[in-house]
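What you see is a predicted model; the values in this text were computed from it and never measured. The basis for the numbers below is simple: all heavy atoms, side chains too, and nothing from hydrogens, waters or symmetry mates.
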Amino acid sequence: MLSIYQAVKSCRIRLFVALLCCAPEWVFAQQVEVRLEGDYPDLRANAEAFIGEVEGRSEGNLRRYAPTAVSQAREALRALGYYSPLIDWRIQEGDSETTATLILTIKPGEPVRVIDRTVEIRGEASSDERFTANLPAQPAEGDILNHGEYARLRETIQTRARRRGYFDGSFVTHTLKVDPAARTATVTLIYDSGQRYRLGDVTFAEGHWFEIDLLERFVSFTPGTPYHADEIAKLNNDLQGSGYFRGVDIDASPGNAENGVIPVSVALTRREARSVAAGVGFSTDVGPRLTGTWREHWINPMGHKRGAETELSAPRQSVSAWYELPLDPPMTDLIRLTSGYQREDIENVESELLTFGQQWQHQLDDGWLQVLSLRWEGERYNIGDDEKGTSSLLLPGIGYSKIHTDSQLDPSRGYRLQFDATGSHRSVLSSVDILHVNALAKGLFTLAENHRFLARFQVGAVATNRFEDVPPSLRFFAGGDQSVRGYGYETLSPENDNGVPVGGRYLMVGSAEYQYQFADQWRAALFVDHGNAINQLNDPLATGAGVGIRWISPVGPLRLDIAKGLDPQFGGGWRIHFSMGPEL
């Protein structure tokens, strides 16, 4: 049972909380007002930040607090270079509806200006251009003194020293001399970096299970490489991104260095071998969609992987499997063996596609990803009631792609370039001669944070001796969420005599979009799309335009568009488009 003291104390707490809940709104009003003579929004904001929230004080208590508020305001102005302000204060009495207010009236006076700036780097870093280049230009000679800028300059030098391996570095001189009477300041920063440490051998602690040769291929630097924190971060990210490990712990402490060489020790915790995932999605192209994946993240100490994927929607059903062998470096280079079955029924075009293939993926030194492939495709198809056929094709191919963005999930700028070419010949296990090429370019640019401009351009072509023997999977169709909005999914293409889209020899699609961010994670969009799948390069193209809204969800952008197809002869009309996924 509660003692009498505990009961009384509990009742007091409850009464206090109740009074707080019932108290009028003015009890919590800010009671200090800062007024500056002249246009100095930064000074006012800094003074208000230094003073902070002042609430619930009586008039007498506020009067006693006034010297403290004046001192805080003076300190706030000094931080921005105003050392001689005139600050007056008065109390504005409250009434039954409002509380008393302390009003500070400030004349900033003349600011202190920097008359000399000396920044000198000594030691090995003096010849390190990446260390000395682009140091903060402020505070510069002639600038109004800003203590924050001075601190930032110091911190930048110290941070670069740590990141680039100058662990013995220190400031010989770091002074900021201010003469308030003369309203002048001099900045002197002299930093002696000492020697630059180097990275030594990388060792992997026991218990990782994998072949040491595989792990060493993740190391992108050689012993003796000058230290940089990014090298350690890259090794950590590459090991984490491999899918092999649940935990990665890298020790590259300069305290373990010998003669300026830092040994690198890596401890790895292997992840569970298998994972299964299922998902539900929706787009207006294919409607509701179910997906499932099964993945075996490691099969043997050599790091081989395998997995299977399936997709189920009304127009498309597919299942595929793959087996992957890592190469050198394993972060980007691999060999993948694939097989799959896909069934589609879209706009009176039915097809069943069976594939077996192999891909060799290799990243070039300039950042382009190269994929060499060889696959066999067997397809059985019906186009309306007029065209039926089967095809058997052995298709060697080559592809190049490059993506550059400042964020994987929601970039503000970047581009994506992609080019693919495949072909077949009747003399090599194929029923028709084909050369199939496809190119895609996307760009994104953001202006003044809230204004985004996106552009997309895609072209494709099929060269063949008998187009009627080209299966639907290698013909071109346009229209839909990711193509020309305002038209049905894959409804834009040449038609046969019965009005059934049969696919075209060429593809030309372009899009321009403007987005305005009107709230956090929300954007409005205006767009125009133009394109078609055609048989002759001078055939007419279809145009669609509309408006949309974008929500930047935790898993990527979700897009809802209302589009109007402007060409009724191509089936254009009002359509709603919903899709999700990255914009590049």
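With rounding to the nearest 0.5 Å, the separation of CZ in F245 from CH2 in W298 is 11.0 Å. In this structure, R336 CZ and R306 CZ are separated by 14.0 Å, a value rounded to the nearest 0.5 Å. To the nearest 0.5 Å, atoms CG (L364) and CD (Q370) are separated by 5.0 Å. In this structure, CG in D285 is found 3.5 Å from CG in D481, a value given to the nearest 0.5 Å. Note that the OG1 atom of T491 and the CD1 atom of I346 stand 11.0 Å from one another [nearest 0.5 Å]. In this structure, L474 CG and E379 CD are separated by 7.0 Å, a value rounded to the nearest 0.5 Å.
Donor-acceptor pairing under 3.5 Å is lacking for the side chains of E352 and Q317. In summary, the side chains of Q240 and D238 do not present any donor paired with an acceptor at a separation below 3.5 Å, with no hydrogens or angles considered. T543 and H530 share a side-chain donor-acceptor pair at under 3.5 Å.
Side-chain contact between M302 and D213 is absent, with no heavy-atom pair separated by less than 4.5 Å. Looking at heavy atoms from C-beta onward, T338 lies out of side-chain contact with Q358 at the 4.5 angstrom threshold. Within the 4.5 Å cutoff, no side-chain heavy atoms of E495 are placed close to those of V502. Between V470 and I434, the closest side-chain pair of non-hydrogen atoms falls below 4.5 Å.
Closest approach of P501 and S493 over heavy atoms only: CB-OG, 3.3 Å. Residues Q515 and A525 come closest through the heavy atom pair CG-CB, 4.0 Å. Considering all non-hydrogen atoms of both residues, H297 and G243 come closest at CB-O, 3.4 Å. Between V500 and G384, the closest heavy-atom pair is CG1-N, 4.1 Å. Of all heavy-atom pairs spanning R550 and L560, the tightest one is NH1-O, 3.6 Å.
The environment of CD in Q408 is sparse: at most 12 heavy-atom neighbours from other residues, nucleotides or ligands sit within 6.0 Å. For CG of D365, the number of neighbouring non-hydrogen atoms (other residues, nucleotides, ligands) closer than 6.0 Å is 12 at most. Crowding of E272 atom CD: a count of heavy atoms from other residues, nucleotides or ligands under 6.0 Å not exceeding 12.
Ring-centre distance between F527 and H577: not below the 6.0 Å cut-off. Checked against the 6.0 Å centroid threshold, Y487 and F570 do not count as a close aromatic pair.
Of the options K442, R523, R485, a salt bridge (charged side-chain N to carboxylate O under 4.0 Å, His left out) to E513 is made by R485 and by none of the others.
Ring orientation note: the planes of F453 and Y514 are tilted relative to one another, at an angle of 30° to 60°. Ring geometry for H304 against Y323 counts as perpendicular: the plane angle is over 60°, on a 0 to 90° scale with 30° as the lower cut. Between W522 and F518, the two ring planes are tilted [angle within 30° to 60°].
In this structure, R475 satisfies the cation-pi test against F467, with its NZ or CZ atom closer than 6.0 Å to the six-membered ring centre and inside 45 degrees of the ring normal. K305 forms a cation-pi arrangement with Y244, by the criterion of a distance under 6.0 Å to the ring centre and an angle within 45° of the ring axis.
The main-chain N or O of F131 is found under 3.5 Å from a side-chain atom of R160 such that the two form a donor-acceptor pair. No donor-acceptor pair under 3.5 Å is formed between the side chain of S483 and the backbone N or O of G480.
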